[in-house]
Amino acid sequence: MNDHPPLRLAGVERRYRTEAGELPVLRGADLTLSAGEIVALVAPSGTGKSTLLHLAGLLEKPDGGEVHVAGRAAGSLSDEARTAIRRTTIGFVYQFHHLLPEFTAEENIALPQMAAGVARGAAGARARELLAAFGLTGRESHRPGKLSGGEQQRVAIARALANRPRVLLADEPTGNLDVGTSDRVFAELLEQVRGHGVAALIATHNPELARRMDRIVTLRDGKVAPA
């Protein structure tokens, strides 16, 4: 068993080049997530929430500091190695589901597993198990266009959990849903994450959702701070 925290950001820096010069967004951000811990990231737009999530999810490389995933320093790894970690260790949920419209709900959840080397039959069984857990039994063969917004987002969350990641990152996962649907989807997300000991970092503008998590952090002067 890996005793390292699932995710640790140590002194992470990120700068973007603009016409006016370099724009520092993160200035030595530190954050550690424990297994089974759900952390809310609540900060105003433009302060670097999405940047922090992209760095944590190995979608971008930091300009300084290091991102450790399950104890492994990821900054100097090749793109192939980073992609392999994302496939097996990290799940990502966006505000807009990004489901593949030509595939069914079951196929959308099975495909990432097959990309990670899982056999088709096992991937389908895992997809159906997750769809049932999210209250979507009977929707397995529906394409995204035949699902409601809440159903599509539940499929997206199930897809992010399909490869049993140690880390779940979510960027406003219920931001485009109505209040009632948002509450139900978020409750299901919490149940799945807590039940399987996944470390989760969830960016949200919703203070009520944030209060349902284990702790709340914000971004202040390019660093992670208690909210």
Within the 4.5 Å heavy-atom criterion, are Glu151 and Leu136 side-chain neighbours or not? yes

Val42 side chain reached by His205 side chain, heavy atoms, under 4.5 Å: no

Minimum heavy-atom distance Leu26-Val12, with the two atoms named: CB-O, 3.8 Å

Can you get from Leu99 to Leu111 by hopping between Ile, Leu, Val, Met, Phe, Trp and Tyr side chains that sit under 4.5 Å apart? no

Under a 4.5 Å side-chain heavy-atom rule over Ile, Leu, Val, Met, Phe, Trp and Tyr, are Met114 and Ile85 clustered together? no

Please examine the side chains of Tyr16 and Thr51, heavy atoms only from C-beta on, and report whether any two atoms are closer than 4.5 Å. yes

Smallest separation among heavy atoms of Gly135 and Arg154, with atom names: O-NH1, 4.2 Å

Just verifying a value: how many Å separate Glu60 CD and Arg82 CZ, rounded to the nearest 0.5 Å? 9.5 Å

For residues Val67 and Leu7, determine if any side-chain heavy atom of one lies less than 4.5 Å from a side-chain heavy atom of the other. yes

Beyond-backbone contact of Leu55 with Lys61, side-chain heavy atoms, under 4.5 angstrom: no

Same cluster (ILVMFWY, side-chain, under 4.5 Å), Leu168 and Leu190: yes

Hey, what do you get for CG (Leu147) to NE2 (His142), rounding to the nearest 0.5 Å? 6.5 Å

Using side-chain heavy atoms (C-beta onward) and a distance below 4.5 Å, is Phe92 in contact with Leu59? yes

Evaluate Asn163 against Thr88 for side chain to side chain donor-acceptor pair (under 3.5 Å), listing each step before the verdict. CA-CA 6 Å; Asn163 283 327; Thr88 60; over 6 Å; no

CZ on Phe186 to CD1 on Ile38, rounded to 0.5 Å: 6.5 Å

Could you list the donor-acceptor pairs under 3.5 angstrom formed between side-chain atoms of residues 118-128 and any protein atom two or more places apart in sequence or on another chain?
residue	atom	partner	partner atom	Å
Arg126	NE	Ala162	O	3.1
Arg126	NH1	Glu129	OE2	2.8
Arg126	NH2	Leu161	O	2.9
Arg128	NH1	Glu106	OE2	3.0
Arg128	NH1	Gly124	O	3.4

Using side-chain contact (heavy atoms from CB on, under 4.5 Å) as the criterion, point out the one residue from His98, Arg159, Glu172, Gln153 that pairs with Val93. Gln153

Evaluate the criterion salt bridge (charged side-chain N to carboxylate O under 4.0 Å, His left out) for residue pair Glu107 and Arg143; output intermediate values, then yes/no. CA-CA 9 Å; Glu107 289 167 341; Arg143 289 185 172 83; 5.5 Å; no

Begin from the C-alpha positions of Asp183 and Arg212 and carry the test salt bridge (charged side-chain N to carboxylate O under 4.0 Å, His left out) through to its verdict. CA-CA 11 Å; Asp183 188 69; Arg212 293 165 66 180; 2.7 Å; yes

More than 12 heavy atoms of other residues, nucleotides or ligands under 6.0 Å from CD of Glu66: is that the case? yes

So do the side chains of Pro226 and Val217 get within less than 4.5 Å of each other, counting heavy atoms only? no

What closest approach, in Å, do Pro44 and Lys49 show between heavy atoms, and which atom pair accounts for it? O-NZ, 3.7 Å

Any side-chain heavy-atom pair of Thr137 and Leu131 under 4.5 Å: no

Go through Asp214 and Arg194 one step at a time and tell me if the salt bridge (charged side-chain N to carboxylate O under 4.0 Å, His left out) criterion holds. CA-CA 11 Å; Asp214 298 318; Arg194 286 203 169 108; 3.2 Å; yes

